[in-house]
Structures are given as structure tokens and as C-alpha cells.
Amino acid sequence: MAEVVLRNFGWRHAGRRSWAVRGVDLRIGHGERVLLLGPSGAGKSTLLAALAGLLPADSGESEGTVEIDGEGVGLLFQDPQTQLVMARSGDDVAFGPENTGVPAAQIWPRVSDALDRVGFPYPITRRTAALSGGEQQRLALAGVLALRPGLLLLDEPTANLDPAGGELIREAIARVGTTLILVEHRVEQALPLIDRVVVLAPGGGVAADGSPEVVFAGHGPSLAEQGVWVPGYPLPRHRAVATPAEALVRGEAVAVRDRLRPVSIEARAGEALAVVGPNGAGKSTLALVLGGLLAPTSGTVTAFADPRPPHRWRAATLTGRIGSVFQSPEHQFVTSRVADELALGPRRLGRPAAEVRATVDELLARLRLTALAEANPYTLSGGEARRLSVATALATAPRLLVLDEPTFGQDRATWIDLVALLAGLRDEGHGIVAVTHDDAFVTALADRVHDLAPAAPDPLPRRRRA
């Protein structure tokens with residue numbers, strides 16, 4: 001087990017005026033299990049990256065010191081795709097032990113044990129590219145656990161998991177005997193896993209530090225006001241002000257080979273539709289089909305009374321009618337400035353320069369991104385990147401929004417803002433389709449819920465080295 005000591009630690013990304021994190025003095029003892037909280041952008045993910053040694057000197061400016069007394073650091077990123085490196089699932093979990101000198105005879109037993117711990121439902125020959133986002137998250141965690149690190153760093157390990165998958169992950173974390181630092185917005189579910197809470201202040205330093213009982217009892221109201229998820233604080237609900245109108249998009253027996261079983265679904269103007277279901281059911285694939293970004297293998301998709309299916313529309317037509325938000329926000333960023341990302345869609349549609357500037361300024365303000373207008377999108381925190389991806393979908397004022405995990409990585413304040421924004425759009429007559437595992441989001445906004453059936457189980461044996 002490792003001990004961690006940070007003395008006045010700070011980090012600023014290259015080209016940024018503001019520090020991602022600063023003034024952190026913190027000691028975490030051998031075997032302590034810490035829940036790291038803070039508003040979006042307070043530097044939680046940056047701090048984990050620093051502890052993992054993943055902040056190269058040439059990519060920013062640092063101050064203070066970071067010391068780790070112990071061997072091996074394992075980090076699970078917010079986006080699991082960034083740490084999957086092999087084509088087959090078993091090989092990916094084995095990659096870490098193979099490259100850290102674990103004896104060959106121990107590697108595959110470790111792989112099997114790690115996959116069992118996270119409840120990975122497929123054989124080791126399963127292609128990593130065929131996994132859903134939640135399944136990739138389980139696999140990435142298995143790869144970290146197979147290293148058996150002295151310090152385990154987990155950045156929202158259950159964010160994209162269904163309830164059953166999230167519980168499996170929490171059970172796996174509970175059994176790990178190591179020093180643990182956990183970033184998690186599902187605070188109530190994380191409390192049984194930890195014995196200490198550390199809250200980063202938005203302006204730098206540590207805002208609170210102690211047992212969960214002490215931190216939440218003594219600082220609850222002020223932390224909730226700052227945007228920290230504090231157990232027991234209610235969230236606003238938004239009921240539709242009018243009856244849903246016409247169907248904007250309709251899928252009839254839509255299927256995608258090996259990714260989505262046949263499903264019939266429609267999304268209507270003035271309605272928020274939540275698409276839920278277990279990992280691997282094809283929710284993200286369905287979002288791509290409804291958004292016109294993927295052609296179905298079978299079935300039909302019709303939208304906006306157009307005789308052509310959405311995937312055959314011209315890019316400008318699609319952009320003006322349907323806005324999509326991917327599960328991984330960085331997959332839709334194409335410029336080097338936040339403001340340019342927001343301006344890109346309206347400019348492509350030929351909107352006047354003054355209108356583009358007004359749109360950009362409004363979205364920056366509404367989604368709390370104004371201070372990041374000049375920042376590179378790839379240096380944003382996970383929550384900031386998610387808000388930018390939502391903003392880019394809104395920039396062209398499309399009638400239909402198809403959002404994949406829209407609340408991922410949000411603190412309490414930005415979550416409330418984002419849900420209120422979507423509720424307002426719905427009440428103005430826009431249609432919203434949201435793929436989500438966020439039960440609070442469903443309760444707060446959804447007018448209707450479509451529960452997607454799980455995919456057929458893989459009949460192959462789970463544990464056989466190829």
C-alpha cells in the first residue's frame with residue numbers, strides 16, 4: 001500500500017491562463033480510502049493524472065511536489081477508450097502485467113481473476129472495438145486491477161454503467177486491499193467504499209477534509225452551493241408544459257448487425273425521451289442511427305417528413321435538423337479553441353457573423369464555459385468537455401437533440417443548469433432523446449422512457465486463452 005504526500009501542488013496546462021489545480025497540501029496514509037470531490041473544473045482528474053505521472057513537463061507548468069511511498073500506481077481514466085490498447089479483451093488486460101515484468105505463469109490467472117471481479121460478460125477473445133462504453137469501462141478497470149497496484153486511482157468508474165454493472169464494480173473496489181483515491185459523483189453509493197472525504201476548492205487548495213460524517217455535516221450547505229454532490233439534497237424536477245406534438249424521427253424494426261437488435265421507437269416534438277437499458281444493449285448505436293450518423297442494417301428510419309433516411313441527408317441538412325452528442329465528447333471536437341468549436345456549425349450553415357458571435361457568447365454563458373473560450377477543448381476536464389459537446393449540438397438550433405450520457409461528469413450546479421436548459425428547449429417544442437444511466441436525470445426531465453432490451457448473451461466460454 002502506498003502513502004501520498006502533496007505539498008503546495010499545482011498544475012497549469014500549456015497555453016492556459018488559469019491553473020487546473022493549485023495550492024493542494026494533502027497527505028494520504030497507507031491503506032486510506034479517499035473520496036475526492038469538488039466542482040467541475042476544480043482539478044480532480046488533473047490531480048489523479050499527476051499522481052499517476054501522466055503530466056509531462058513539456059505539456060504545462062507545475063509547482064510544489066508530489067511524493068508517493070509505495071510501488072505501482074493504477075489509474076482508470078474518465079474515458080476508458082483512452083487506455084484500451086489491444087484488439088482482444090484478454091490481451092488488453094494482460095498488457096499491463098506483461099509490460100511490468102509479471103512472471104508469465106501468473107499473467108493469465110491474474111487476467112481471469114480481474115475479469116471475474118468486474119463481471120466482464122464475454123470471452124477473452126471478444127474484440128475491444130465491439131464493446132459498449134460501459135463494457136469498455138469494466139475492461140479498463142480489469143486491466144488496472146490486474147496490475148495489483150499499491151495506489152489505485154479511479155476517475156468516475158461507474159459513470160457509464162448500468163445499475164447491475166455499477167454494483168459489480170463497487171463490490172470489486174471494496175475487495176481491493178490498497179490505498180484508494182476515488183473520484184465519483186454518485187456520492188451516496190460510494191460512501192461504503194471510503195473512510196475519508198477530501199474536497200478541492202474551485203479557487204485552489206482543499207475546502208474540506210475528514211470523515212464523511214464530519215465533512216457533510218459541517219460543510220453540506222456551502223459545498224452544495226459550490227456544486228459538490230452532497231447526499232440528501234433534492235434536485236429540481238421539470239414537467240412538460242404541453243402535450244407532445246408530431247414525431248420528429250421514427251424507427252421501425254431498426255437493427256444494426258452485432259450491435260443493436262430490432263427496435264421500434266419514435267421521438268416527438270415537445271417531449272424528452274430517455275433511452276435506458278443494460279450495457280451492451282445498443283443504446284449508443286441507436287442514438288447514432290436516430291441522429292443520422294449510422295445506417296441501420298435493417299429496418300427503416302424516417303424523420304422530418306423527408307422521404308430519405310437521415311443518414312442520406314446532406315451534412316448541412318442534418319446539422320440544421322438534428323444535433324448529436326457522442327458518448328465520448330472528444331470524438332466530435334475538430335478545432336483548437338472552445339469558441340471555434342461552437343462557431344463551427346453555424347458558420348457552415350452560412351449564418352451571419354454577428355449571429356454566430358451572439359450564439360457562441362450565449363452558449364458559453366449558459367453552460368459556464370465563458371472563462372474557457374480560448375482554451376483547447378482537449379485540455380478541458382471531463383465535465384467541461386461534456387458541456388462543450390452539448391453546446392456544439394445546440395449551436396445550430398436543431399429541432400431534435402440526440403444526447404448520449406449528457407450529464408456525465410457534471411457537478412451538482414452544472415447538472416441543474418444543464419437539465420434546466422434541456423427542459424426549456426423541450427418546452428419550446430424541441431424533441432430530446434437522451435441515452436442515460438443517470439436515474440436522477442430520468443426523474444428530473446423524462447416524459448417517457450424506452451427500456452432497450454439487452455443483447456443476446458455470447459454463448460462462448462468466458463475464460464479460455466486463445
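Worth knowing before you read on, the calculation uses all heavy atoms, side chains too, and leaves out hydrogens, waters and symmetry mates. Sequential numbering from 1 along the given sequence is applied to the chain's residues.
Take Arg196 and apply the salt bridge (Lys or Arg N to Asp or Glu O under 4.0 Å) test, not counting sequence neighbours, and it matches Glu32, Asp209. With sequence neighbours excluded, no residue satisfies side chain to side chain contact (heavy atoms under 4.5 Å, CB included) with Ala87. In this view, Glu3 and Arg27 satisfy the salt bridge (Lys or Arg N to Asp or Glu O under 4.0 Å) rule, not counting sequence neighbours. For Arg337, the side chain to side chain donor-acceptor pair (under 3.5 Å) test picks out Asp340, Glu374, with sequence neighbours left out. Arg117 meets the salt bridge (Lys or Arg N to Asp or Glu O under 4.0 Å) test with Asp113; sequence neighbours excluded.
Taking the side chain as every heavy atom from C-beta outward, Val187 and Leu37 approach each other to under 4.5 Å. Inter-residue side-chain proximity for Ser298 and Arg257 is flagged as unmet; no heavy-atom pair is nearer than 4.5 Å. Val289 has its side chain out of reach of His311: every pair of non-hydrogen atoms, C-beta onward, lies at least 4.5 Å apart.
Within a 6.0 Å sphere centred on CG of Asp258, heavy atoms belonging to other residues, nucleotides or ligands number 12 at most. Atom CZ of Arg175 has more than 12 neighbouring heavy atoms from other residues, nucleotides or ligands inside a 6.0 Å radius. More than 12 non-hydrogen atoms from other residues, nucleotides or ligands lie less than 6.0 angstrom from CD of Glu167. At most 12 heavy atoms of other shown residues, nucleotides or ligands fall within 6.0 angstrom of atom CZ in Arg127.
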Chi angles and distances behind the side chain to side chain donor-acceptor pair (under 3.5 Å) call for Arg386, Gln410: CA-CA 8 Å; Arg386 169 54 74 215; Gln410 299 311 303; over 6 Å; no
Can Asp404 and Lys283 be said to form a salt bridge (charged side-chain N to carboxylate O under 4.0 Å, His left out), step by step? CA-CA 8 Å; Asp404 198 343; Lys283 300 184 297 298; over 6 Å; no
Take Thr128 and Asp92, measure what side chain to side chain donor-acceptor pair (under 3.5 Å) needs, and give me the verdict at the end. CA-CA 8 Å; Thr128 54; Asp92 199 87; 5.6 Å; no
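Residue pairs that meet the side chain to side chain donor-acceptor pair (under 3.5 Å) test with at least one member in residues 139-158, sequence neighbours left out, are Ser45-Asp155, Gln78-Glu156, Glu156-His185, Thr158-Glu184.
For Asp195 (side chain) and Arg33 (main-chain N/O), a donor-acceptor pair under 3.5 Å exists by modelled atom type. Here the side chain of Thr178 pairs a donor or acceptor atom with the backbone of Gly150 at under 3.5 angstrom.
In terms of heavy atoms, Gly277 sits closest to Asp162 at O-CB, 4.1 Å. Annotation for Tyr122 and Glu135: closest pair OH-OE2, 2.6 Å, computed over non-hydrogen atoms.
Both the sub-6.0 Å distance and the 45° axial angle are not jointly satisfied by Arg412 relative to the ring of Trp415.
Expressed to the nearest 0.5 Å, how far OG1 of Thr392 lies from CG of Leu388 amounts to 6.0 Å. Rounded to the nearest 0.5 Å, atoms CH2 (Trp19) and CH2 (Trp11) are 9.0 Å apart.
Considering Thr414, Asp417, Asp411 in turn, Asp417 is the only one that fulfils the side-chain hydrogen bond (donor to acceptor under 3.5 Å, both in side chains) rule with Arg368.
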